Structures are given as C-alpha cells and as structure tokens.
K.L.:
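My questions will all concern the structure given below.
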Amino acid sequence: MGITMVLSLLSGVALFLYGMSLMGDSLKKVAGNKLELILYRLTNTPLKGLLLGTVVTAIIQSSSATTVMVVGFVNSGMMKVAQAIGIIMGANIGTSITGWILCLSYIDGSSGIAQLLSTATISAIVAIIGIIFRTFIKKKPYSDIGDIMLGFAILMIGMQTMSGAVSPLKENPHFVRLLTMFTNPFMGILVGIVFTAVLQSASASVGILQALSITGSITFAAALPITMGIGVGAACPVLLSSIGTNKNGKRTALIYLLNDLFGMIFWSIVFYSANAIVHFPFMGEIMSPFRVALLNTVFRLLTILVLAPFIGKIEKLVFFLIKDTDEDNEEQADFDLLEERFLNYPPLAITQSQLAVNGMAKKAYKNIRRALALLKDFSDNKFNKIQEKENLIDKYEDKLGTYLMQLNMHDLTPEQSKQTAKFLHTISDFERLGDHAVNISRVAQELHEKSRIFSDAAKYELHVLESALKELLDLTINSFVDEDLVNAAKVEPLRELIGILCNDLKMRHIKRLRNGQCDLNTGFAFNDLLTNYDRIAAHCSNIAVAILELDSSNFDMHEYTKSVRKLKDNNYVSTFDYYEQKYNINGYQPEAEQDTNTAAKATTADTAQEAK
C-alpha cells in the first residue's frame with residue numbers, strides 16, 4: 001500500500017514537472033526571442049524591471065528560468081547588475097501565478113456548471129485541442145500552441161495524480177503527527193529548502209504542498225515556514241547556472257538567493273515575534289489549495305514590497321560580498337572609455353579606442369603567457385582563468401568592433417580613417433591570439449590528465465621556441481602600445497625564424513617517433529603546440545604590419561610581407577642572424593641533462609611569476 005502510494009505520488013510529480021516544462025518551453029518558442037529582448041531592453045527603471053520579471057515569469061512558469069536568462073545577459077554584458085535586481089524581484093512574484101493555475105485542478109462537481117468546470121473536463125478539452133494542433137497543423141506557431149495545451153493538460157493530470165495519491169493519508173495518524181512537526185518554524189523552513197533544492201522548482205514544491213493540503217492535515221502554522229523555505233531552495237538551480245560565469249553573473253545569481261533569504265529572515269522575526277505576543281487565532285486553521293496559493297502570493301508580494309526601496313543597497317551588498325580586484329576595475333575602465341557621446345568628436349573617440357585596444361592587447365598577451373606557464377605547472381584554477389579571460393577578450397572585440405564601425409559612419413579625415421582601420425584590423429588578430437592561448441591550455445590539460453610528458457630533447461627544443469615566441473610577443477605588444485616602428489620592424493625577421501623552427505621541430509619529432517624515443521600520443525600534442533606557436537607568430541606579423549602601414553601613405557600589407565622576405569635588406573638580415581644565434585635549437589646535449597633541468601626549473605619559476 002505504502003509503495004503504491006509513493007510511486008503514484010512520484011509519477012504525479014513527474015507528470016507535473018514535464019507538463020510545466022513543456023508548457024514553458026513552448027510558450028518561449030511561440031514568443032521567439034521576444035521575451036529575452038524585452039528582458040534586457042526595457043529595464044531602465046526598477047519598476048519596469050519588476051513588472052517585466054513578473055509578467056515573463058508568469059508566462060514561462062519558472063522564476064529560475066527567468067533568473068538564469070538574466071544571469072546570462074549580465075554575464076555577456078548586455079545588462080547591468082542594477083537592471084537585473086528588479087527583474088529578479090518580479091520573477092519571485094510571477095512564479096506564484098502557477099499556484100493559482102493549479103487551483104483549477106481542484107474544481108470538481110457532479111452536475112451543471114461545476115461538472116463543466118471540473119478538472120477532468122478542462123484537461124480533456126485542452127488535451128484534445130492540443131493534440132489536434134500538434135498532429136494535424138504542422139505550421140508554426142500552431143504546433144507550438146498545441147504543445148502549450150498538451151503541457152497544461154499533462155500538468156493538470158499530474159496534480160490530480162498527486163492529489164489522488166496523498167488523499168488516503170488524511171486518515172493516517174502517523175502522517176498527521178509527521179506534519180505537526182512542521183509547525184516548528186525551523187523544521188518547516190528546512191523542509192521547504194531541501195525539498196525545493198532537490199526538485200529545483202518552487203512551483204513544483206508549492207504544487208505538492210497544495211496536493212497535501214487536501215488531506216486536511218496542513219495547518220497555517222505548518223504551511224507558512226515551508227513556503228518561506230521554498231523560495232530559498234529555488235535559488236539552487238540559479239546558483240548552479242552561475243558556475244563558470246564572470247563576477248557580475250555570480251552577483252546576479254546571489255541576488256536571487258538574498259531576496260528570498262532576507263524575506264524569510266525578516267518575516268520570520270516579524271511574524272513569529274508578533275505571534276508570541278498576540279497569539280494569532282488562524283495558526284491552527286486548515287489550509288486548502290486555494291489558501292496555499294494565496295499564502296504563497298502574499299508572502300512573495302510583501303517580501304518584494306519590503307525589499308524594493310533597498311535595490312541600491314542590495315546592489316552594493318553583492319558587490320561587497322563579491323569584490324572586484326584591481327584587474328577587474330582595470331577591465332571595466334577600458335569598456336567605460338567607449339562612450340557613445342565621444343563619437344561626435346572623432347579625435348577624442350580615436351584616443352579612447354587606442355587605450356581600449358591597448359588594454360585588449362595586454363589581456364591577450366597575458367593569456368598566452370598563462371597558457372605557456374600551464375604547460376609546466378598545470379592547475380584547474382589557472383586553466384579556468386584562461387577560459388574566463390578568453391571570454392573577456394571576445395567581449396573586447398565585440399565592443400570595440402561595434403564602436404569603431406559607429407565611428408566610421410562619421411566624417412573622418414583620411415588619417416583618422418586610417419587609424420580606425422588599423423584598430424579594426426588588429427582587434428581580430430588580438431582576439432585570435434586569445435583563441436590560441438585557449439588551444440595551448442587544452443593541450444596542457446590533456447598532457448596533465450593523461451600523465452604524458454615529452455622527451456628531454458623535445459622539452460629543450462620547446463623551451464627555446466617558447467623563449468623566441470615570448471620575445472616576439474613582447475616586441476609586438478610594446479611596438480603597438482608605444483607605436484614604436486623600430487621594434488615593429490624586428491617582428492618579421494623573428495616571425496620568419498619561428499616559422500623555420502616550427503618546421504625543424506616537426507621533422508625532429510618525427511625522427512624521434514621513428515626511433516621510439518617518443519610515443520604517438522605525445523607526438524600529436526607536440527604538433528598541436530607547434531601549429532599554435534606558428535599561428536601566434538603569424539598574427540604578431542599582421543599586427544606589426546598594421547603598425548608600419550600607418551607610417552606610409554601608400555602601403556600594401558601583402559606586398560610588404562612578400563618584398564621584405566624576398567629583398568631582405570641589411571637591417572632585416574642582421575636582425576634575423578641575431579635571433580638565429582640567440583635561439584639555436586642545437587644546444588641540447590644528453591649528458592648535460594642536469595644543467596638543462598636546472599635551467600628549465602629556473603625558467604618555469606620565471607614563467608609562473610610572469611603569468612600571475
């Protein structure tokens with residue numbers, strides 16, 4: 001009997017969750033991307049955000065889904081943390097609408113209007129219309145509307161199944177005694193938190209509480225603390241969604257938790273203190289599904305009314321709890337440079353763009369240094385930081401690209417047009433440098449996870465090549481930031497040498513593979529590194545060419561590259577010879593292994609220090 005009841009209850013929960021998911025997903029399909037667009041375009045005031053959060057959550061039936069979307073928008077930079085607070089508060093109100101929809105499942109009757117409005121009749125009519133739309137009308141959005149109706153019908157059937165499963169419990173004295181435990185506020189809150197965290201849906205928890213209420217064993221004293229705990233438990237999927245986001249994404253997820261946590265603490269203190277003095281007579285009243293829905297809505301509404309005046313304080317609190325580092329402030333300062341009002345003053349806009357591109361260049365450079373250090377000293381935290389900074393570099397490209405295209409639409413002098421063209425050209429190269437940093441980090445991750453190491457000869461050769469690559473990056477970034485034509489002219493000879501070294505190292509590694517000195521798997525990793533190093537050098541060459549191009553009124557990048565390699569004037573030849581001697585890969589001696597290892601350790605420490 002007990003097993004049958006539990007299985008029936010769980011099947012009802014499954015149907016309920018599936019129906020709610022199907023209905024919410026189909027509603028989003030019908031609306032297309034309009035819901036998301038509304039969320040981040042029409043939130044310039046807290047009141048608008050609150051109303052939008054309420055409406056959108058009432059439509060998609062999930063405050064967690066709304067907040068997860070908002071976390072994504074804040075993480076991508078499309079929305080500020082302050083804008084998100086109002087939407088999240090509205091989402092807390094909007095999610096209570098589901099409880100009122102579920103009240104329809106408890107309408108019952110044997111004749112007349114009551115029979116017409118019974119759950120069975122409503123569910124049957126909606127399901128029939130839904131399956132007709134879904135099966136026979138393939139055209140969008142009608143098939144999605146059919147899914148909405150089917151989701152609603154399944155949700156209602158799930159509620160009926162849950163109600164039917166728990167109905168016999170009203171005669172069970174053990175169950176009644178169990179529920180009286182929840183009149184202890186602490187226990188009730190804890191049950192609400194844990195239950196909702198497991199189900200990952202506040203609506204599902206409220207629905208189950210409504211189903212239990214038909215047993216006649218749920219009093220107001222038991223329902224209130226569970227309702228308080230449900231809001232806090234619903235923060236679990238939102239907090240999980242913030243894993244891997246930037247600090248603003250994490251702050252947004254934290255706001256959802258703090259809203260419900262503050263509401264729970266505030267009303268626990270106020271209500272139970274007042275009850276200790278007044279002894280409210282309604283504490284022992286039996287709850288019905290309607291009363292559970294009303295309690296949930298009133299609690300959430302009162303919580304938001306108390307918190308709404310403190311939106312600014314909540315924003316300061318999350319920034320205090322998740323602090324910005326000096327590096328974070330530096331990054332934000334770069335984006336703040338790109339003010340739209342400067343576009344009407346091209347010289348100023350170009351200066352601001354130069355500073356922002358310099359910031360992007362330094363971030364890309366640091367990320368490659370981090371990735372190279374990761375090859376010698378791998379850690380998950382360092383690996384994750386590289387991925388995080390890659391997202392930031394992508395954001396630089398997006399914001400700078402948009403800003404520079406807007407600037408190009410204004411009247412510019414030939415020199416100004418040239419400057420913006422240089423920036424547009426180089427930001428794509430800086431972005432690709434960031435991509436190669438990620439590629440190198442993934443090779444490092446694979447080597448670490450599979451405990452693969454290169455031969456001593458391969459380590460020595462890579463160390464020489466990486467030293468040359470670091471100098472090339474130094475030359476490139478410094479010549480770009482300082483507009484140093486002398487250093488820019490040194491890039492191409494060193495870039496050519498690195499290309500030659502990459503080819504030589506590939507041939508040497510093939511020879512080691514044939515001789516059994518290395519295995520095939522490490523050979524793939526070695527080859528991947530060389531490919532990425534060669535591509536990094538190529539992008540450095542492109543950036544140097546863009547710097548030199550600005551110094552000439554008639555400049556062709558491809559012609560320059562071809563001619564400089566073909567003609568090779570004295571300055572080019574002498575620079576190439578200098579680097580060829582400096583980065584000689586023939587210095588490895590097996591008997592000098594100890595000295596090499598000592599040097600390698602020193603280099604590792606130096607690299608790790610530089611990568612911090």
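All of these numbers come straight from a predicted model, not from anything done at the bench.
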K.L.:
Between K395 and D398, is there a side-chain N and carboxylate O pair less than 4.0 Å apart?
P.N.:
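Looking at D398 together with K395, the answer is no, because their closest N to O distance does not fall below 4.0 Å.
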K.L.:
Looking at CD1 of I350 and NZ of K418, how far apart are the two atoms once the value is rounded to the nearest 0.5 Å?
P.N.:
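Reported value, rounded in 0.5 Å steps: 13.0 Å.
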K.L.:
Could you tell me whether R495 and D534 have a side-chain N and a carboxylate O separated by less than 4.0 Å?
P.N.:
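Looking at R495 and D534, the cut-off is met.
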K.L.:
Indicate the ring-plane relationship of Y460 and H463, choosing parallel, tilted or perpendicular according to the 30° and 60° boundaries.
P.N.:
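Because their plane-to-plane angle lies in the 30° to 60° range, the rings of Y460 and H463 count as tilted.
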K.L.:
Can Y403 and Q352 be counted as having a side-chain donor-acceptor contact under 3.5 angstrom?
P.N.:
no
K.L.:
Would E315 and R251 pass as an ion pair if we require N to O under 4.0 Å?
P.N.:
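Not counted as a salt bridge, because no side-chain N and carboxylate O are separated by less than 4.0 Å.
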K.L.:
Please tell me if the side chains of N487 and V491 come closer than 4.5 Å, counting only heavy atoms from C-beta onward.
P.N.:
no
K.L.:
Could you tell me whether the side chain of I440 reaches within less than 4.5 Å of the side chain of L374, counting heavy atoms only?
P.N.:
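Not in contact.
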K.L.:
Check I498 against A537 and note the closest heavy-atom contact, atom names and distance.
P.N.:
CG2-CB, 3.9 Å
K.L.:
Side chains of I311 and M89: closer than 4.5 Å at any heavy-atom pair?
P.N.:
yes
K.L.:
For L494 and A468, which heavy atoms make the closest approach, and how far apart are they?
P.N.:
CD2-O, 3.7 Å
K.L.:
For a quick test of reading the model, state the closest non-hydrogen atom pair linking A361 to I477 and the distance between them.
P.N.:
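Heavy atoms only, the tightest pair is O-CD1, 3.9 Å.
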K.L.:
Apply side chain to side chain contact (heavy atoms under 4.5 Å, CB included) to M409 and L343, showing your working.
P.N.:
CA-CA 9 Å; M409 296 171 66; L343 292 171; over 6 Å; no
K.L.:
For the OH atom of Y583 and the CG atom of L469, what is their distance to the nearest 0.5 Å?
P.N.:
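The CG atom of L469 is 10.0 Å from OH of Y583, to the nearest 0.5 Å.
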K.L.:
Compare all side-chain heavy atoms of E471 with those of Y579 and state whether any distance is below 4.5 angstrom.
P.N.:
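Yes, at least one pair of side-chain atoms sits under 4.5 Å.
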K.L.:
Not counting sequence neighbours, which residues clear side-chain hydrogen bond (donor to acceptor under 3.5 Å, both in side chains) with N408? List them please.
P.N.:
T420
K.L.:
Evaluate side chain to side chain contact (heavy atoms under 4.5 Å, CB included) for Q416 paired with H410, printing each intermediate quantity in order.
P.N.:
CA-CA 11 Å; Q416 289 168 347; H410 290 68; over 6 Å; no
K.L.:
So N358 and Q354, side chain to side chain donor-acceptor pair (under 3.5 Å) or not? Walk me through it.
P.N.:
CA-CA 6 Å; N358 289 349; Q354 171 79 67; 2.9 Å; yes
K.L.:
Taking the side chain as every heavy atom from C-beta outward, state whether L529 and L375 have any pair of such atoms under 4.5 Å apart.
P.N.:
yes
K.L.:
In Å, rounded to the nearest 0.5 Å, how long is the span from CG of L465 to NZ of K470?
P.N.:
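So the CG of L465 and the NZ of K470 are separated by 11.0 Å.
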K.L.:
Does N439 have any side-chain hydrogen bond (donor to acceptor under 3.5 Å, both in side chains) partners at least two apart in sequence or in another chain, and if so, which?
P.N.:
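With sequence neighbours excluded, N439 shows a side-chain hydrogen bond (donor to acceptor under 3.5 Å, both in side chains) to N532, given in chain and number order.
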K.L.:
Looking at every heavy atom in both H425 and A546, which two are closest together, and how far apart are they?
P.N.:
CD2-CB, 3.6 Å
K.L.:
Do the non-hydrogen side-chain atoms of E397 and M360 ever get within less than 4.5 Å of each other?
P.N.:
yes
K.L.:
Decide yes or no for L462 and K459: does some side-chain heavy atom of the first lie under 4.5 Å from some side-chain heavy atom of the second?
P.N.:
no
K.L.:
CG/L307 to CG/N92 distance, rounded to the nearest 0.5 angstrom?
P.N.:
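Between atom CG of L307 and atom CG of N92 there are 9.0 Å.
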K.L.:
Taking ring pair (Phe, Tyr, Trp, His ring centres under 6.0 Å) as the definition, give me every residue that meets it alongside F454, ordered by chain and number, with sequence neighbours left out.
P.N.:
F526
K.L.:
With sequence neighbours excluded, tell me which residues meet side-chain hydrogen bond (donor to acceptor under 3.5 Å, both in side chains) with E580.
P.N.:
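Expected list: none.
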K.L.:
Apply the test side chain to side chain contact (heavy atoms under 4.5 Å, CB included) to residues F262 and L317: give CA-CA distance (whole Å), side-chain angles for both, the deciding distance (0.1 Å), then the verdict.
P.N.:
CA-CA 12 Å; F262 287 157; L317 177 60; 3.5 Å; yes
K.L.:
Within 45 degrees of the ring normal and closer than 6.0 Å to the centroid, is that where the cationic atom of K323 sits relative to F320?
P.N.:
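Because its charged atom sits under 6.0 Å from the ring centre and within 45° of the axis, K323 does stack over F320.
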K.L.:
Are more than 12 heavy atoms from other residues, nucleotides or ligands located less than 6.0 Å from atom OH of Y345?
P.N.:
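Not more than 12 within 6.0 Å, no.
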K.L.:
Hey, what do you get for CG (L407) to CG (L400), rounding to the nearest 0.5 Å?
P.N.:
11.5 Å
K.L.:
One pair to check against salt bridge (Lys or Arg N to Asp or Glu O under 4.0 Å): R432 and D435. What are the steps and the verdict?
P.N.:
CA-CA 5 Å; R432 291 296 295 142; D435 290 343; 2.7 Å; yes
K.L.:
Looking at every non-hydrogen atom in both residues, tell me the closest pair between L473 and C540 and how far apart they are.
P.N.:
CD2-SG, 3.7 Å
K.L.:
Could you check whether E431 and Y396, counting side-chain N and O atoms only, form a donor-acceptor pair closer than 3.5 Å?
P.N.:
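No pair is found: no donor N or O on one side chain lies under 3.5 Å from an acceptor on the other.
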K.L.:
Not counting sequence neighbours, which residues clear ring pair (Phe, Tyr, Trp, His ring centres under 6.0 Å) with F430? List them please.
P.N.:
F480
K.L.:
Counting only heavy atoms not in D411, do more than 12 sit closer than 6.0 Å to its CG atom?
P.N.:
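No.
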K.L.:
Minimum heavy-atom separation for I585 to R508, with atom names?
P.N.:
O-NH1, 3.4 Å
K.L.:
Could you tell me whether the side chain of T351 and the main chain of P347 form a donor-acceptor pair under 3.5 Å?
P.N.:
yes
K.L.:
Rounded to the nearest 0.5 Å, what separation is found between the OG1 atom of T54 and the CD1 atom of I87?
P.N.:
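Spacing of OG1 (T54) from CD1 (I87) equals 10.5 Å.
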K.L.:
Is the NZ atom of K316 crowded by more than 12 outside heavy atoms at less than 6.0 Å?
P.N.:
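Count not over threshold, so no.
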K.L.:
Run the side chain to side chain contact (heavy atoms under 4.5 Å, CB included) test on H509 and N527 for me, step by step, so that the C-alpha distance in whole Å, both residues' side-chain angles and the decisive distance to 0.1 Å come before the verdict.
P.N.:
CA-CA 9 Å; H509 209 65; N527 193 66; over 6 Å; no
K.L.:
Does the side chain of Y365 come within less than 4.5 Å of L433's, by heavy atoms?
P.N.:
no
K.L.:
Can you sort out the partners of S441 under side-chain hydrogen bond (donor to acceptor under 3.5 Å, both in side chains), two or more places apart, ordered by chain and number?
P.N.:
Q387
